[in-house]
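So you know, we letter chains A, B, ... as the sequences are listed, proteins then strands, and number each from 1. Scope of the values below: all heavy atoms of this structure, side chains included, with no hydrogens, waters or symmetry mates.
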Amino acid sequence: MAKKNQKIQSVKEKSVLSDYDFLSKLIVGIGEVSKITGIPQRQLRYWQEKGLIQTADEAGSTIRRFDYLEIKKILLIKELLEEGYTLEAAAKKIEKRMESINSAFKKLKKLS
DNA sequence: ATTCTTACA
DNA sequence: TGTAAGGA
């Protein structure tokens with residue numbers, strides 16, 4: 001019985017670790033992002049041109065790739081737009097939010 | 001199969 | 001903004 005619990009515990013730990021792993025390595029194309037966020041590709045490209053969202057620029061490729069943080073940003077911007085915000089206003093608000101979140105996690109990262 | 005740019009409705 | 005054309 002003790003052995004069984006041990007096994008369950010290790011599975012739990014692994015799933016937590018791979019969860020983090022998954023999110024930090026997740027990088028998807030514009031098609032997927034569009035599909036999961038509901039934002040048309042046309043608009044995602046437009047936002048990116050305006051510099052409101054970033055793309056993982058891999059050397060020598062014109063193809064846009066979005067990581068976990070950008071997808072999160074996109075979702076946040078989408079919500080604000082639905083609440084009546086201007087694209088610019090939404091972007092500014094998100095920018096500040098991301099800044100404070102990132103600085104908070106940098107502090108935590110130093111402790112590990 | 002996917003994404004990219006350009007351009008016109 | 002949506003969509004179609006034409007190339008990578």
Identify, residue by residue, the members of residues 35-68 of chain A with a heavy atom below 4.0 Å from DNA chain C, and return them in order of residue number, or none.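 DNA chain C contact set from residues 35-68 of chain A: A:Pro40, A:Arg42, A:Gln43.
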For A:Lys93, enumerate each residue passing the side-chain hydrogen bond (donor to acceptor under 3.5 Å, both in side chains) test, keeping only those at least two apart in sequence or located in another chain.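 Expected list: A:Tyr85.
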Could you name each residue pair satisfying side-chain hydrogen bond (donor to acceptor under 3.5 Å, both in side chains) that touches residues 70-81 of chain A, not counting sequence neighbours?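 Output for this query lists A:Tyr68-A:Lys72.
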Which pairs with one or both residues in residues 29-40 of chain A pass side-chain hydrogen bond (donor to acceptor under 3.5 Å, both in side chains), sequence neighbours excluded?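 Non-adjacent pairs meeting side-chain hydrogen bond (donor to acceptor under 3.5 Å, both in side chains): A:Glu32-A:Lys35.
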Reading 5' to 3' and counting Watson-Crick or G-U wobble pairs with both distances under 3.5 Å, write the dot-bracket notation for DNA chain C, | for bases paired outside the strand. .|||||.|
Please give me the minimum heavy-atom distance between [X] and [Y], naming the atom from each residue.
| X | Y | value |
| --- | --- | --- |
| A:Leu52 | A:Ala91 | CD2-CB, 3.6 Å |
| A:Leu81 | A:Trp47 | CD1-CZ2, 3.6 Å |
| A:Thr55 | A:Gln48 | CG2-CG, 3.6 Å |
| A:Ser100 | A:Ser103 | O-OG, 3.1 Å |

Which two nucleotides bound the region of DNA chain C that has atoms under 4.0 Å from heavy atoms of chain A, read 5' to 3'?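 Going 5' to 3' along DNA chain C, contacts run C:dT1 to C:dT3.
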Can you tell if the side chain of A:Ile77 reaches within under 4.5 Å of the side chain of A:Leu87, non-hydrogen atoms only?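 In contact.
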Please say whether more than 12 non-hydrogen atoms of neighbouring residues, nucleotides or ligands are located less than 6.0 Å from CD in A:Glu88.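 Not buried by this count: 12 neighbours or fewer within 6.0 Å.
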Any donor-acceptor pair under 3.5 Å linking the side chain of A:Ser61 with the backbone of A:Ile63?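 Yes, because the side chain of A:Ser61 sits within donor-acceptor range (under 3.5 Å) of the backbone of A:Ile63.
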